[in-house]
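Whatever order the structure lists ligands and atoms in, that order sets their numbers, starting from 1.
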Amino acid sequence: MCGFIGIYGPDGVDVASEIYEGLLAVQHRGQDAAGITTFSKKFNVKKGFGLVVEVFNEENMARLRGHLGVGHVRYPTVGGNQEEDAQPFHHTFPVGVAMVHNGNVTNFHELTETRFRRGGVRLNSSCDLEIILWVFQKGLADALQQKPVLEPEDIFAAVKRVYEEVKGAYSVCAAITDVGMVAFRDPYGIKPICLGKKTTEEGEWFACASESVVLDVNGYTRVHDIGPGEAVFIDTRRRVHRKVIGEKLHRPCIFELVYFARPDSFLDDISVYKTRRRFGHRLGAQWKDVGAPRPDVVIPVPDSSRDAAMGVADQLGVPYREGLVKNRYVGRTFIMPNQKVRKSSIRRKLNPIELEFKGKDVLLIDDSIVRGNTSRSIVEMARRAGANKVYLGITSPPLIAPCPYGIDMASKKEFIATDRTPEEIAESLGADYVLYLDREEMNAAAREGNERIEEFCNACFTGRYPTEDVTLERLKAIEEERGCQRDNISV
Ligand code: AMP
């Protein structure tokens, strides 16, 4: 799950500083590497490992000239953990294209090991974006054999080629030198992407990003979310061309709303903040319906569960308290390469306020349980702080299936919920009671924000994948590759 931004500004301006601001706003989507590529007379590139503030400085930003550019923050999933895998990627033939994406190509191996290999194509990296870029460029090259200048239809035909050949879930933005900027979304619209616009005295600016918060921080108005299988192309006269090319059923990822996105973002017109409040209300109602024990206090696990915890507290008529303090300067523990590091850094990251726990029956609210390490540590922390009973309310159903679309949930074996009942999960976590939000309730709460979406991708909760390309073999290959990568990283 990565974050990206593309900006096409008026002639003569530099867009790098806006891209930088945008990347800071989506830093939560990936902290592994960051990069910006702009185009002036040539491509200007800066990328590296680490946070946005670590990669960029005054000196390298000054080199990133140009009114067209793309930027990226990386969250490592399959492949792509070396320096050469950091995005953006650019190729110069048949025209200059710099590209970024969020998502995962599920037929990466088939394409590289069979079709590409037989055709003599060799990639520079193990990042799946390079495949998308290659197929897109091939489409443009074929068009340029027929005519000297690329037109919108040629850009859309190249996107169609990508849809036909590259399977999985991806949203993409590309700067095409002397031609414009294009952005497109996978046929099921699993990955989010939106378009924004602003007008200044210099002229019209367009921005494309994986979350609307990127537009907010740069003063753009959100024009619309790009639809499933839709491409948007902005030409050199800043005319916007839209085309639905490969649309299937719209199945946006529900986990974006549960955990990933910032609460101040809108995804497919749905407010993330309001959805999390609704998750909380519904979880609170469910808590009462099933006759779960009444707590004295509701405490969120910061940060992504705060809005939901307020909803639970409202519904139960129980005080909401901030009982856990987060140290903001410790990286996201989940990103750490192996179990040992993850365990110790959770304790580093959170500290309890004892007086909110002492002698009380506390209901801790979190968005999800993956392996259970976070919950186990927090339950233990609550007990040490003097809690009488420790209950857990989770604002999503049990996670049981790996995500082949780019969320790092590798192997079935790693999920605590695999082959366990909620009672067994509670026992394993040391909690007195655990309640997960019902799946139908979760979906209904999300749909309240946009009734046009009939279903969300629920694959991580059900093991049913909306794209027809996810086979057992592919899942196994992804699982093995992620497992190997983890094992190879030393602590
Ligand atoms: P765990 O300790 O493995 O159960 O991690 C669960 C915590 O990590 C939850 O509190 C979530 O907020 C967070 N989380 C869930 N899914 C992911 C993910 N795919 N990447 C990063 N963090 C996650």
Exercise for the section: Indicate yes or no: does Lys47 engage Glu84 in a salt bridge with an N to O separation below 4.0 Å. Expected result: no
Handout entry: Test item: side-chain donor near acceptor, Ser210 and Asn102, under 3.5 Å
Key = no
Exercise for the section: Would you mind listing which atoms of ligand 1 come within a distance below 4.0 Å of any non-hydrogen atom of Asn373? Expected result: 1 (P), 2 (O), 4 (O)
Exercise for the section: Report yes if some N/O of Phe255 lies less than 3.5 Å from some N/O of ligand 1; otherwise report no. Expected result: no
Completion exercise
Contact region, Asp366 to ligand 1, non-hydrogen atoms below 4.0 Å, reads side chain
Exercise for the section: Compute the minimum heavy-atom distance from Gly372 to ligand 1 and say whether it is under 4.0 Å. Expected result: yes
Exercise for the section: Run the numbers for me: atoms of ligand 1, each under 4.0 Å from some heavy atom of Ile407, listed by number. Expected result: 19 (N)
Problem - For Pro397, side chain to side chain contact (heavy atoms under 4.5 Å, CB included) partners two or more places apart - result: Arg439, Met442, Phe461
Problem - Sub-4.0 Å heavy-atom approach of Val301 to ligand 1 - result: no
Fill in the blank from the handout: The atoms of ligand 1 lying under 4.0 Å from a heavy atom of Ile369, numbered in the order shown, are 4 (O)
Problem - Atoms in ligand 1 with a heavy atom of Tyr75 nearer than 4.0 Å - result: 18 (C), 19 (N), 20 (N)
Practice task
Examine Ser375 against ligand 1 and note whether any of their N/O atoms are separated by less than 3.5 Å.
Solution key: no
Handout entry: Carboxylate-amine/guanidinium proximity below 4.0 Å for Arg251 and Asp186
Key = no
Practice task
Heavy-atom distances under 4.0 Å are what count here, so tell me which part of Asp367 touches ligand 1: side chain, backbone, both or neither.
Solution key: side chain
Problem - Working for ring pair (Phe, Tyr, Trp, His ring centres under 6.0 Å), residues Tyr75 and Phe260 - result: CA-CA 12 Å; Tyr75 167 96; Phe260 248 100; 5.6 Å; yes
Fill in the blank from the handout: The complete set of ring-ring contact (aromatic ring centres under 6.0 Å, His included) pairs with one or both residues in residues 281-307, sequence neighbours excluded, reads Trp287-Tyr433
Problem - Atom indices of ligand 1 within 4.0 angstrom of Ser368 heavy atoms, with elements - result: 6 (C), 9 (C), 10 (O), 11 (C), 15 (C)
Exercise for the section: Indicate yes or no: does Lys360 engage Glu356 in a salt bridge with an N to O separation below 4.0 Å. Expected result: yes
Problem - Heavy atoms from other residues, nucleotides or ligands near CG of Asp419 exceed 12 (cutoff 6.0 Å) - result: no
